[in-house]
Amino acid sequence: MIYPKQTTTRSLFDLNGIWDFSRELDAGDYTQGFKAEKQVAVPSSYNDLYTEEVFRTWDKGVWYTRSFTMPRLLREERIVLRFASASYRAAVYLNGVRLGDHETGYTPFEFDITDCVSFDQENRLCVRLDNLLSAETIPMGNLQNQPEPGQFAGQYPDTPFDFFPYGGIQRPVSIYTTSKVAWLESVVVETLVNGADAEVKLAGTLGGTAAKVVIECEETGTRTEAEIAGDRFSGAFAVSDARLWDVKQPELYHARIQILDASGALLDEYTQRFGIRTVEVTKNRVLLNGKPVYLQGFGRHEDFPVIGKGLNHSVNIRDHEILHWIHANSYRTTHYPYSEELIQLADEQGLLIIGETPAVSINFDYVNQNTLKNHKQVLAELIERDRNNPSVIMWSVANEATTDREVAVSYFKELSELARSMDATRPITMVTCKAEKDLVMDFFDVVSVNLYPGWYHLPGQVAEAKEDLRDTLEKMHNAFQKPILITEFGADTIAGLHSLPAEQWSEEYQTELVMGLIEVMRDLDYVVGEHLWNFADFRTAQNFARVGGNKKGVFTRERQPKMLAHFLKKMWATPRYTSELSCTED
Ligand code: BDP
């Protein structure tokens, strides 16, 4: 699947805006339309739009509907309906016909509606969603509030993770058209750097019957004819004096793919953007284009007042703006794939992304074959979606699974093999909370770890927390002999709460603890980065340990800095490795 675009051969229009909405309150037929309870915005989470509690935590069936008309001039085209995501489980009906289903909430899916869309009358689109998490869903939920200690027991709604389980059509819905004769289905761009030059390989799949595929590189002017074998095509071209993509100079290239018929007439045209860069991991460094880069940044959430996890371009722009202001160079898409538009912004603005699946808090007391099946599917969908984005430098297969149990070993072996078989160009990681007791780190290139000394243990004791951190990291390094990325550490902090001496929840404590822990990390050569938890405060499920959400943000939920932000900005202004300076000055 490719990102939907308007091109010289493709039309694109969106179905965003106001839809009708109802909870599924009875066994009646909702597939051809229904009496609306409410109106709803697309894209948006529905949970925080209304005033009644019952809508906020409703995870059973909900229905979305709207109508649309198709312009007759598109009658001869192939028509595709695309959802960038729908949380968690979707069933889609067009004019009463079930088009199909999708499970997991953060990856795109689409349906060819050429045969059931009408050009003579209004079309009725109905979508059933439910957000019922279980032992088999990714992420898990409704474990009878018995996740293991530390996995947020006793919350409402009942999830083993703390962020609010928002639901709804949270990303755009669109219709795009292609020729019926032949079209581009998918494309993978891989680049190989040889000295100053690069080789660019494109491979993909075609729909319909194409006679010829031509690939043109806009920047170099190269034009090559691809080979076609069945529904697959492949081609390659060279770029001399390649301009490498990096954080300060995010150079992008464009491959125009043209699909022609036997007479040479253009059937489909699509431009795929890509970057040329390498990522490698050595025993104590992450290398971008052969030069060490220390990852400084955050774990975060797609989360904002009212819209929940709904795509909002203004919030995306603001987030990247303040990431640059504070001199962050990277973030992890905790704990699920973020919008395609945000990853594209990272490509354009030079931020390094660790792309994570929605597998947060997998608990092996509950895992079964379906959990693994769904986990594999969503990992594959993430890699397929974001593999052409140069900003994505690593895949994170999961966050905080109970990986201190033997049963976790074969499970993560399979997942790591899947990731490597799909993408040999990026390192992979898995984020542990089991420190040196983790049993699955053999399968991963970078050891990522979440550690909360000074918060969940050793509260209020910064000096002891620093010693504890050093001790844990040394044990982990002895056990795994791999580079370690600290993917989470921090302290809940109420903006505006001050205390001298520093005490938990105050801005002084967050600053003192975080800066102290970073001092330890920077003293250990095998630590390859510091990602704070969290970029901004975010909404959580209800729980006695959360006051109006998770407050570990360095920024408030409204994206204003807490005191710590100014200290980080000062420290992060100077790259950790001197070679990073040359990396950006080349
Ligand atoms: C970690 C989780 C993260 C939580 C964080 C916290 O990975 O999702 O929000 O703890 O407790 O365990 O703040």
Side-chain angles (χ1 to χ4, degrees), residues 105-106 133 138-141 143 147-166 297-303 308-309 331-338 354-363 396-404 429-435 437-438 447-459 465 468-469 472 484-495 504-505 509-510 513-514 517 529-557 562 564:
Y106 303 95
L133 304 182
I138 302 292
M140 290 177 156
L143 305 177
E148 60 165 47
Q151 282 195 330
F152 305 103
Q155 296 193 124
Y156 179 65
D158 177 1
T159 53
F161 48 85
D162 70 340
F163 60 93
F164 191 86
Y166 282 111
F298 301 93
R300 23 179 333 209
H301 272 297
E302 287 185 322
D303 171 272
K309 294 197 176 309
Y331 60 86
R332 175 167 61 114
T333 69
T334 43
H335 292 304
Y336 37 81
Y338 291 0
I354 300 175
E356 185 160 279
T357 73
V360 43
S361 302
I362 297 284
N363 185 330
S396 165
V397 166
N399 179 78
E400 295 199 349
T402 57
T403 41
D404 52 350
T429 192
M430 124 93 211
V431 178
T432 184
C433 57
K434 300 295 176 187
K437 298 201 177 66
D438 192 286
V447 172
S448 293
V449 63
N450 299 343
L451 294 166
Y452 285 96
W455 190 256
Y456 291 119
H457 62 283
L458 299 171
D468 181 81
L469 176 68
T472 309
I484 300 182
L485 171 65
I486 322 299
T487 33
E488 290 185 26
F489 62 108
D492 281 89
T493 305
I494 304 292
Q504 277 194 305
W505 296 94
Y509 187 72
Q510 185 187 36
L513 178 69
V514 164
L517 296 178
E530 55 211 27
H531 274 185
L532 281 88
W533 192 256
N534 189 286
F535 170 65
D537 294 345
F538 60 90
R539 185 168 182 76
T540 59
Q542 294 182 63
N543 165 341
F544 61 80
R546 297 283 182 261
V547 187
N550 188 312
K551 302 289 190 200
K552 295 194 186 70
V554 171
F555 295 87
T556 62
R557 200 176 187 213
K562 297 182 191 170
L564 170 60

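We count ligands from 1, going down the list as the structure has it; atoms in each ligand are counted the same way. The figures that follow rest on heavy atoms only: side chains count, while hydrogens, waters and symmetry mates do not.
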Within reach of ligand 1, part of [X] (heavy-atom separation under 4.0 Å):
X	result
N550	side chain
W455	neither
N450	side chain
N399	side chain
F161	neither

E530 meets the side chain to side chain donor-acceptor pair (under 3.5 Å) criterion, sequence neighbours left out, with Y294, R522, W572

Pick from E488, K551, K552: the one approaching atom 1 (C) of ligand 1 most closely through a non-hydrogen atom:
E488

List ligand 1 atoms under 4.0 Å from H335, heavy atoms only on the residue side.
3 (C), 7 (O), 8 (O)

Show me which atoms of ligand 1 lie under 4.0 Å from any heavy atom of R546.
6 (C), 11 (O), 13 (O)

Just by distance, with hydrogens left out, do N450 and T487 show a side-chain donor and acceptor under 3.5 Å apart?
yes

Going by atom types only, do N399 and E356 share a side-chain donor-acceptor pair under 3.5 Å?
no

Aromatic contact, Y336 with F163 (centres under 6.0 Å):
yes

In Å and rounded to the nearest 0.5 Å, what is the OG1 to CD1 distance from T334 to I354?
10.0 Å

Would you please determine whether Y456 falls within less than 4.0 Å of ligand 1 on a heavy-atom basis?
yes

Can you name the side-chain contact (heavy atoms from CB on, under 4.5 Å) partners of L458, sequence neighbours left out?
Q461, E464, D468

